[in-house]
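The structure appears below as structure tokens.
All values below come from the heavy atoms of this structure, side chains included, with hydrogens, waters and symmetry mates left out. We count residues from 1, following the sequence as given. Start at 1 and go down the list; that is how both ligands and their atoms are numbered.
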Amino acid sequence: MSHEVMEQAKPLSWRPVTQSSALSPVPSGARDAVLKFYFGPMDCGKSTLALQMNYNHARQGRRGLVLTKHDRSGGPQVTSRIGLGQDAVEVEDGLDLVRLVTSYDHVDYLICDEACFYSVEQIEQLADLVDEHGVDVYAFGLASDFRSVMFPAAQRLFELADEVCRLQVEVLCWCGRPGQLNARVVGGVMARTGEQVVIGDTDDSPVRYQVLCRRHHRSGRLDEGSPADRPGQLDEGSPADRPGQLDEGSPADRPGQLDEGSPADQPGRHDGVLAPAAQTAQ
Ligand SMILES: Nc1ncnc2c1ncn2[C@@H]1O[C@H](COP(=O)(O)OP(=O)(O)O)[C@@H](O)[C@H]1O
Ligand SMILES: Cc1cn([C@H]2C[C@H](O)[C@@H](COP(=O)(O)O)O2)c(=O)[nH]c1=O
């Protein structure tokens, strides 16, 4: 273990258990270790839950490490929009997580925020830590990017985790449906191509992210007033465009009934930053 890694690896969480706690102390190795992945769109409370879980494990006398990569704050920390924060180990490219953890005396659990940005190799190392070292791993992150394509690390977590859990704290699309996917909005237009990783927020920056339901992520409609940005997609006038207003006759209402000719009908087809949809809405 290099000196540099040891320097990074300070944030070991542990608190003496006190009588006033409602939570019982938990002995190390009380059960099989687990790999859990909590996912959801931006702003759905992933980092908040990560910090809460760290707090609870630590106050039950367990020793944990908090890891992150590319937190919006720019520092090696986990920050939540609700105002909580905690120093963390930055998971640099090439950091060996097994070596990191085994350089400590004893670690019961890991909190891994922004796990979607880790390498696939690092996800394998997390599984090794669970299976061979009895360390509980709680990973948090986006499942998919702005194109609705899975991050490689998230995909590996879906494949390997003992449990995956979709978080939803009523982060809604503008239409009222549950927010599921993140749009990247560049100069007011939804991007369909670009770098997979661009750190940002859901504020009103020139490059920002917006949480949408699947329907409006696919059609590219960013608000009630804007028409869809893809040919053949639903627009404001369509009865199928609001929850509870589904029109049985509309081809877009049913999985498997989509019109093959429409680019938006084919998952995985992302044809560039589309023109604002005045040109394309029906
Ligand atoms: N002032 C506030 N009061 C209550 N909850 C808040 C406040 N600010 C933010 N939140 C909560 O924090 C959530 C975002 O949490 P955060 O952990 O930053 O999300 P994520 O890591 O998934 O992007 C929001 O959905 C909201 O529930
Ligand atoms: C969709 C998407 C997001 N990102 C970045 C933007 C933010 O910095 C993080 C997500 O943070 P949060 O804790 O979930 O709010 O991911 C990205 O780089 N690429 C994308 O496609």
field: Joint hydrophobic cluster, L160 plus Y118, side-chain heavy atoms closer than 4.5 Å
entry: yes

message: Please list all pairs meeting salt bridge (Lys or Arg N to Asp or Glu O under 4.0 Å) that have one or both residues in residues 106-121, counting only residues at least two apart or in different chains.
response: none

- request: Please report which non-hydrogen protein atom sits nearest to atom 8 (N) of ligand 1, along with the residue it belongs to and the distance in Å to one decimal place.
  value: R81 O, 3.4 Å

task: List every atom of ligand 1 that sits less than 4.0 Å from any heavy atom of T48, numbering the atoms from 1 in the order shown and giving each element.
output: 15 (O), 16 (P), 17 (O)

- request: Would you confirm whether the ring centroid of H217 sits within less than 6.0 angstrom of the ring centroid of F146?
  value: no

- prompt: Should the ring pair F140 and Y38 be called parallel, tilted or perpendicular, given that the plane angle runs from 0 to 90° and is split at 30 and 60?
  reply: parallel

- line: Under 4.0 Å from one or more heavy atoms of K46, ligand 1 contributes atoms 17 (O), 19 (O), 20 (P), 21 (O), 22 (O), 23 (O)

message: Just to confirm my output: which protein heavy-atom neighbour is closest to atom 6 (C) of ligand 1, and how far is it?
response: I82 CG1, 3.5 Å

Protein contact of atom 27 (O) of ligand 1 - nearest heavy atom, named by residue and atom, plus distance: V169 CG2, 4.2 Å

query: Does R31 come within less than 4.0 Å of D136, counting only side-chain N to carboxylate O?
result: yes

message: Under the rule for side-chain contact (heavy atoms from CB on, under 4.5 Å), what residues qualify as partners of Q196, not counting sequence neighbours?
response: D145, R147, F151, P152

- request: For atom 13 (C) of ligand 1, find the nearest protein heavy atom and state the residue, atom name and distance (0.1 Å precision).
  value: D43 O, 3.8 Å

query: Judging by distance only, is a nitrogen or oxygen of S80 under 3.5 angstrom from one on ligand 1?
result: no

- prompt: When only distance counts, is T79 in polar contact with ligand 1, meaning an N/O pair under 3.5 Å?
  reply: no

- prompt: Is the shortest distance from a Lys or Arg side-chain nitrogen in R208 or D203 to a carboxylate oxygen in the other one below 4.0 Å?
  reply: no

message: Heavy-atom contacts with ligand 2 below 4.0 Å: which residues, ordered by chain and residue number?
response: M42, D43, K46, R72, R81, E114, F117, L142, D145, F146, F151, N182, R184, Q196, V197, V198, I199, G200, Y209

Where at least one partner belongs to residues 159-168, residue pairs that pass salt bridge (Lys or Arg N to Asp or Glu O under 4.0 Å), sequence neighbours excluded: K36-E163, R156-E159

message: Salt bridge or not between D93 and K69? Use side-chain N to carboxylate O under 4.0 Å.
response: yes

message: Test your reading of the structure: does G45 have an N or O sitting under 3.5 Å from an N or O of ligand 1?
response: yes

message: Could you check whether atom 1 (N) of ligand 1 has a protein contact, counting only heavy atoms that fall below 4.0 angstrom?
response: no

- request: I would like to know whether C112 and L126 meet side chain to side chain contact (heavy atoms under 4.5 Å, CB included); could you show each step before the answer?
  value: CA-CA 9 Å; C112 300; L126 293 180; 3.9 Å; yes

task: Compute whether any side-chain donor of one residue and acceptor of the other, for R184 and Y209, lie under 3.5 angstrom apart.
output: yes

query: Counting each atom of ligand 1 from 1 as listed, which ones have a heavy atom of C44 under 4.0 Å away?
result: 19 (O), 20 (P), 22 (O)

